[in-house]
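First the structure, in the form of structure tokens, and then the observations on it.
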Number of protein chains: 2
Amino acid sequence: MREPLDPDMFADCRPVSSVPIRIGDKWTGKIIICLRDGPRRFTELLVPLRGITPKVLTASLRAMERDGFVTRTAYDEIPPRVEYELTPLGRSLLTPMAVACEWNRTHLPALTSARAAYDAS
Amino acid sequence: MREPLDPDMFADCRPVSSVPIRIGDKWTGKIIICLRDGPRRFTELLVPLRGITPKVLTASLRAMERDGFVTRTAYDEIPPRVEYELTPLGRSLLTPMAVACEWNRTHLPALTSARAAYDAS
DNA sequence: CAGTATCCGAAACGATACTG
DNA sequence: CAGTATCGTTTCGGATACTG
């Protein structure tokens with residue numbers, strides 16, 4: 001017999017993407033990948049993040065800084081230079097993200113065709 | 001030298017949680033965990049999913065059905081009985097989710113204290 | 001260069017009540 | 001039991017313009 005579900009099974013989960021990790025929003029995961037090879041500047045990040053606005057990029061980077069995923073280093077130069085870099089904690093996210101990407105690579109076609117079949121009916 | 005970022009590096013990524021997988025919303029991951037041990041009924045799911053409303057649970061299950069993650073089986077009885085069950089595709093999500101949970105288990109304390117430090121300053 | 005300031009629309013989520 | 005129907009709030013992200 002199947003056990004009944006434990007009513008408290010999610011007691012230690014904070015709301016929104018606690019499990020899985022809080023990288024479920026639109027940009028955080030991509031930013032982490034952009035920073036994989038070393039520090040990057042604000043404008044440098046804008047390019048591959050097609051269509052992100054400066055406001056949203058700032059907000060994302062602030063949130064990631066708060067979570068301890070990135071550091072922000074401002075150099076006192078003219079023109080200004082700011083570099084964002086992954087912390088070890090931020091870098092540790094690359095493992096689960098790689099697994100998720102691998103899932104996508106192998107299973108996304110199945111999901112897509114499931115959707116098509118559902119929408120057709 | 002670090003390479004410049006490829007402007008097209010996310011060309012094959014659909015918006016919102018494509019990589020990582022579309023389990024970044026508030027409930028999908030938890031529902032999958034609830035269905036891990038076998039089929040469950042609608043009301044049975046409501047219990048551990050503290051505070052979810054029937055409307056939101058229905059919407060989540062419909063989306064998961066559309067993505068091919070769960071099947072919905074209605075039995076012609078009175079009172080009505082409906083069971084939701086993971087498909088093999090849905091079950092395949094347990095692997096990346098376990099990795100994400102493991103990340104949480106080991107690194108969430110670091111994130112939490114990073115937040116506290118940031119908010120204190 | 002590296003952001004801020006304002007405004008806006010869409011989507012997610014929740015509260016409450018009702019039904020075959 | 002397994003939903004649906006309405007309504008309201010909050011959050012997210014985008015558009016556009018401006019600044020030290």
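A note on names: the letters A, B, ... follow the listed sequences, proteins ahead of strands, and every chain is numbered from 1. All of these numbers come straight from a predicted model, not from anything done at the bench.
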d([atom1], [X]; [atom2], [N]) in whole Å:
| X | N | atom1 | atom2 | value |
| --- | --- | --- | --- | --- |
| Leu57(B) | dA12(C) | CG | P | 16 Å |
| Lys30(A) | dC12(D) | NZ | P | 17 Å |
| Lys26(A) | dA11(C) | NZ | P | 11 Å |
| Ile52(A) | dA15(D) | CD1 | P | 12 Å |
| Glu83(B) | dG3(D) | CD | P | 12 Å |
| Tyr75(B) | dG3(D) | OH | P | 13 Å |
| Asp25(B) | dA11(C) | CG | C1' | 12 Å |
| Ile31(A) | dC12(D) | CD1 | C1' | 14 Å |

Test salt bridge (Lys or Arg N to Asp or Glu O under 4.0 Å) applied to [X] - qualifying residues, sequence neighbours left out:
| X | answer |
| --- | --- |
| Glu65(A) | none |
| Asp76(B) | none |
| Glu44(B) | Arg40(B) |
| Arg72(A) | none |

Please tabulate the protein-to-nucleotide N/O contacts below 3.5 Å involving nucleotides 9-11 of chain D, giving atom names and distances.
none

Which nucleotide, [options], lies nearest any side-chain atom of [X]?
| X | options | answer |
| --- | --- | --- |
| Val82(B) | dG3(D), dC7(C), dG3(C) | dG3(D) |
| Phe42(A) | dG13(D), dG3(C), dG3(D) | dG3(C) |
| Thr58(B) | dG14(C), dT4(D), dA2(C) | dT4(D) |
| Arg72(A) | dA2(C), dG14(D), dC13(C) | dA2(C) |

Can you tell if the side chain of Ile32(A) reaches within under 4.5 Å of the side chain of Met64(A), non-hydrogen atoms only?
-> yes
Any Leu49(B) side-chain heavy atom under 4.5 Å of Cys34(B) side chain | yes
Should [X] be listed as having a side-chain N or O under 4.0 Å from OP1 or OP2 of [N]?
| X | N | result |
| --- | --- | --- |
| Arg62(B) | dA2(D) | no |
| Thr53(A) | dG13(D) | no |
| Arg41(B) | dA2(D) | yes |
| Lys55(A) | dT16(D) | no |
| Arg50(A) | dG14(D) | no |

Short N/O separations, protein against nucleotides 17-20 of chain C, under 3.5 angstrom:
none

Could you grab the distance from atom CG of Leu86(B) to atom CG of Leu94(B), nearest 0.5 Å is fine?
-> 6.5 Å
Please list, chain by chain and in numerical order, all residues satisfying side-chain contact (heavy atoms from CB on, under 4.5 Å) with [X], sequence neighbours excluded.
| X | result |
| --- | --- |
| Thr58(B) | Phe42(B), Arg62(B) |
| Val47(A) | Pro7(B) |
| Ser113(B) | none |
| Ala120(A) | none |

Without hydrogens or angle criteria, can the side chains of Trp103(A) and Thr95(B) be said to hold a donor-acceptor pair below 3.5 Å?
->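 Checked: Trp103(A)/Thr95(B) side chains show no N/O donor-acceptor pair below 3.5 Å.
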DNA chain C in dot-bracket, Watson-Crick or G-U pairs under 3.5 Å, [ ] crossing, | other strand?
-> ||||||||||||||||||||
Please work out if Tyr84(B) contacts a base, only the sugar-phosphate, or nothing of the nucleic acid, heavy-atom cut-off 4.0 Å.
-> sugar-phosphate
Could you name each residue pair satisfying salt bridge (charged side-chain N to carboxylate O under 4.0 Å, His left out) that touches residues 84-103 of chain A, not counting sequence neighbours?
->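 Of all non-adjacent pairs touching residues 84-103 of chain A, those that pass salt bridge (charged side-chain N to carboxylate O under 4.0 Å, His left out) are Glu102(A)-Arg105(A).
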Quick one: on DNA chain C, does Ser60(B) or Thr43(A) contact a more 5' nucleotide (nearest heavy atom)?
->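 Nearest-nucleotide comparison on DNA chain C picks Thr43(A).
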